[in-house]
Amino acid sequence: MSKCVDCNLYNTCKSNKIDGVGSSNPDIMIVLDHPARVEDNFGRLIQGEIKKKLYYFLKKAGINPADVFFTSAIRCKPINPSDIKAKNINACRKYLLYDIKEVKPKIVIAMGKYAHWALTDKQSVREFRGHFDELSFNYGKKEIKVPIMPSFGVNASLGKWEYDDYIIHDLKKAKKFISQGLPKLKELPKFKTVLNLKDLAEFEETMMSKEVKWSTSDLETTGFKFFKDAPFMHGYCTNNDDIFVIPTLTYKKHHIKKWDKENIERGRVINRFVKEHRLKIMATIRRVNARKDIKWIFHNGKFDVNFARYHKVPYSDLSYDTLLADSLIDENKQHALNICMEYRGLDFGAYDSLNWQYVNKDEDKQKTYQNIPPLICERYLAIDVYGLKEMFPITVKELKADGLYDHFMQVKMKALKLMTGVEYKGVKGDRKLLSEINEILTEKINSLVKEAREYTKIEDFNMGSPQQLNKFFEAKNFPMEKLGIKQTKTGYSTSKEELEKFIKFKKWGVLPKIVIEYKKYTKLAGTYVEGKIGSDEDGGMLKHFDQNDRIHTNFNLWTPRTGRYSSNKPSLQVWPRPVKGLPNIRNIIIPTDENHMLFEADYRAVEQYVVALLSKDPVLTKRLQDGTDIHTYNAVELGKKLSTMPDEITYNMMLSMVKDLEETSLTEEEYLNYQKQAKEIAPDMDWKEKRTQAKTIGFGLNYGKGGHSYSEEFGITEDEAEEMIEAYFSIYKGMKKWRKEVIAEALNEGFITLPSGRRRRFHQATDWINSRYASDDSNESGLIWQANNLRQSIERQASNAPIQGGAHEVFEPAQIRVAKRFQKEGIKARIMLSIHDGIIGECLRTDAEKVSKILSEEMPVTFNKGTKSELTLDIDKDFYKWEWYGETVKI
DNA sequence: CGATCACGC
DNA sequence: ACGGCGTGATCG
């Protein structure tokens, strides 16, 4: 065949226009994105690692590869997949359609973004995967119709095992289609949109009836922040499938103008009704939501509950959350309602994603359902609340099957309710301090920019651009190779760590020093203070302030797969440590007023305790019991084992060198005596550095850090680093044994179990790893090597999960206990932030002593009480005179 | 929109 | 390739 020159790809690939391969009479046609490098080299599709993984997927789905025809949307290998443009897809489409016409598959599976794009013009896979559609086109005079289903690309799954489950799931659906035809979509029962007072009365009467034992609810809002956006549609579905949709906000002209006639009419009906009767509507909703004798079920209820509360139609409870439930059932999947439902056979088609075609992204900055024609939106909301109603009992059953139901109801749901209130109240921010810091930063940044431009003599020099830095380094012949500056895909790394390598040289150090400072300050300005310097819009923290200068962060109870919470918009779990020459940024969080004060309580070395408890390591247990400073102890033990410290040095000697007298249990005389001895034995030793190093080793090992990494960090050889790790584990033999057991469990069972029963699952990864090891590829060592990497990655995740997850499971109930005591004793105190192993809260100054007592009673935990291995986990607590991290007060 | 970088526990 | 879990800003 002649060479294809229809787009730019032909002159950079080895093999021109690679044809499809496979069965001539297939059930299934799989369309991939584009040939990979091996395939380009071979001149044939389905080679190398792609082949291994794809065949593995097919096997898992029960599909025989011999029954499949494989082809690709783009026929010439692109240099870089991200360079692919519409013109490449368009140039190749004719070949793809020809294949479909000739091969006549029963179904086409588009695996990957470009495959899906080429066939449907939809540029995203995520929202459409797993759903069938009809592909129809004319080829010559022939009209061709064939079902099509998109799924993720094999490429995407090569490094990220999280995609595997979706792909296998989708392929199984395709397999089922071959024998049974298209799946029957779930039908939506009749639902009622409330458009007049009669409907409203019917809604209330139904919702208030005795037949209703529980109801789901969902709000469509104009945005994500309850204090500035509003709900415009309220949805309900009772246990008896009574489905109601109630509009509560009028549509604006710019919403309506794009709709069709029918929807414009609907919009006008809604606008008239809402305009005239909004108060009545809200009053009705208020009475319904206030009903206490029924359960309220939500999907991400924190959001709905806070919106409803702010708009004075509060729900009486948040009884059950299917999103939170789903996150316990499979922490690896996304928890969007449509995905949750589709996975459980509650398939309404791609009902969600299809609606977004009505939203013009250029005109409507915000993706809000208020832009979508009301009839479509009403149906969408009805599906959500009805699907949610179906999901509720299913997830209950699933939680029970996994033994997680009690934990879910007793801990997770209570935590969710607590955090819902925490978000609602928010924290008070200090606008004044913010602008003070901003001024200082602006000045610093401007002067650094000036300095850099003078030094480089480049007018628009942007230090924030790695590319520009690279260019400058090259022009000035910076000794990149010689100093071993790390390479990235785009050039030499310009990270702080690499730049620091230049600093000691007079000739090279000037600019890197400026850049490091510049990066630090712009980061602070952009993220935490007022946003990008020179921009008029509120940025940084300021854009999160509400009308009362309160910041309502969003706490996610389901994102981290270990059970921890994360916080975003803004993230208040990532606060910069104090920076020299700058007011402490943490202090932009202040008490509500002068009658209040802030407090902080966090666990002391919680992860160490968890390791001791889970591993039952006797040495670690003993050290924790007798109050040893573990890092100091480790430093001494390691020093001796590795002969980097004189043998005569004792724990107490070192302790006296690294801690203040008050932090030890020594008398002053003992303390000074030990110090004297220490200085005599090792006059030049950097004691604190030794302790820090030991601390790093301990923490790093909990994260699965290896020899290579330590060797770089400490500037030692890899052998020395390995020796150091061995030395550490020779102190804690029990810890080593336990790690091995956890890893074996993860690889054999596909998951590890946390104390609560919660699991961290690795099935998709371990299945793939095992299949790779089982297959006979002794001559393909490269692939085994890949599997080996993945296995090591799973080992690190598995050995860390019990520690991180376990620590969280100590912390989470404690937080609930504290909040409960505040409530029970009627103390006006509340938790404001939850930061992994500690809380930050606020109370009346007059209540400080009571609060202190509660923290001390509710947070510390004693494990294995009355046994030899009894351990008491204690807290550190602080009360702040005014600001967080300001002057503390002893209470 | 992915890669890089910086920050927290 | 080489440290677990995250969020967010910036660049090209």
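Chain naming here is simple, since letters A, B, ... match the order of the sequence lines and numbering starts at 1 in each.
Listed nucleotides C/dG3, C/dG4, C/dG8 differ in distance to A/Arg564; the shortest reach to its side chain belongs to C/dG4. Nearest to the side-chain atoms of A/Ser465 among the listed nucleotides C/dG8, C/dC2, C/dC11 stands C/dC11. When distances are taken from the side chain of A/Arg586 to each of C/dC11, C/dC5, B/dG8, the shortest belongs to B/dG8. Which of C/dC5, B/dC5, B/dG8 sits closest to the side chain of A/Arg577 comes down to B/dG8. When each of C/dC5, C/dC11, C/dT7 is scored by its nearest atom to the side-chain atoms of A/Asn556, the top-ranked nucleotide is C/dT7. Taking only side-chain atoms of A/Ile835, from C-beta outward, the nucleotide of C/dC5, B/dC9, C/dT7 with the closest atom is B/dC9. Proximity note for A/Arg760 (side chain, C-beta onward) versus B/dC7, C/dC5, C/dG8: the nearest is C/dC5. Each of B/dA6, C/dG3, C/dG6 was ranked by its minimum atom distance to the side chain of A/Pro560; first place goes to C/dG6. Nearest nucleotide to the A/Glu713 side chain, out of C/dG3, C/dC11, C/dA1: C/dG3.
Among the atoms of the strands shown, none is found under 4.0 Å from any heavy atom of A/Ser799. Residue A/Arg791 is classed as having no contact, given no heavy-atom separation below 4.0 Å to the nucleic acid. Across all strands shown, A/Gln467 has heavy atoms under 4.0 Å from sugar-phosphate atoms exclusively, and none from any base. Across all strands shown, A/Lys543 has heavy atoms under 4.0 Å from sugar-phosphate atoms exclusively, and none from any base. Within 4.0 Å (heavy atoms only), A/Asn702 reaches no atom of the nucleic acid at all. When heavy atoms are screened at a 4.0 angstrom cut-off, A/Gln797 is found touching the sugar-phosphate backbone but no base atom. Residue A/Ser793 is classed as having no contact, given no heavy-atom separation below 4.0 Å to the nucleic acid.
Side chains of A/Ser793 and A/Gln797: a donor-acceptor N/O pair is present below 3.5 angstrom, by distance only. Checked by atom type, the side-chain pair A/Glu809/A/Ser756 shows a donor-acceptor distance below 3.5 Å.
Looking at which nucleotide of DNA chain C each of A/Gln804 and A/Asn789 is closest to, the 5′-most match is held by A/Asn789. Annotation: of the two residues near DNA chain C, A/Tyr518 and A/Ser566, the 5′-most nearest-nucleotide partner is A/Ser566.
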A/Tyr565 and A/His808: CA distance, side-chain angles, deciding distance, ring-ring contact (aromatic ring centres under 6.0 Å, His included) verdict: CA-CA 9 Å; A/Tyr565 309 162; A/His808 173 75; 5.1 Å; yes
The test is side chain to side chain donor-acceptor pair (under 3.5 Å); show your working for A/Gln804 and A/Thr562 and say whether it passes. CA-CA 7 Å; A/Gln804 188 181 121; A/Thr562 50; 2.6 Å; yes
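A tilted orientation is assigned to the rings of A/Tyr114 and A/His34, their planes being inclined by 30° to 60°.
A sub-4.0 Å separation between OP1 or OP2 of B/dC5 and a side-chain N or O of A/Ser493 is present.
Per the stacking criterion (ring centres < 5.5 Å, plane angle < 30°), A/Tyr703 does not stack onto the base of C/dG3. Evaluation of A/His836 against the base of B/dC9 yields no stacking contact (centre distance < 5.5 Å, interplanar angle < 30° required).
Note that the NZ atom of A/Lys501 and the CE atom of A/Met480 stand 10.0 Å from one another [nearest 0.5 Å].
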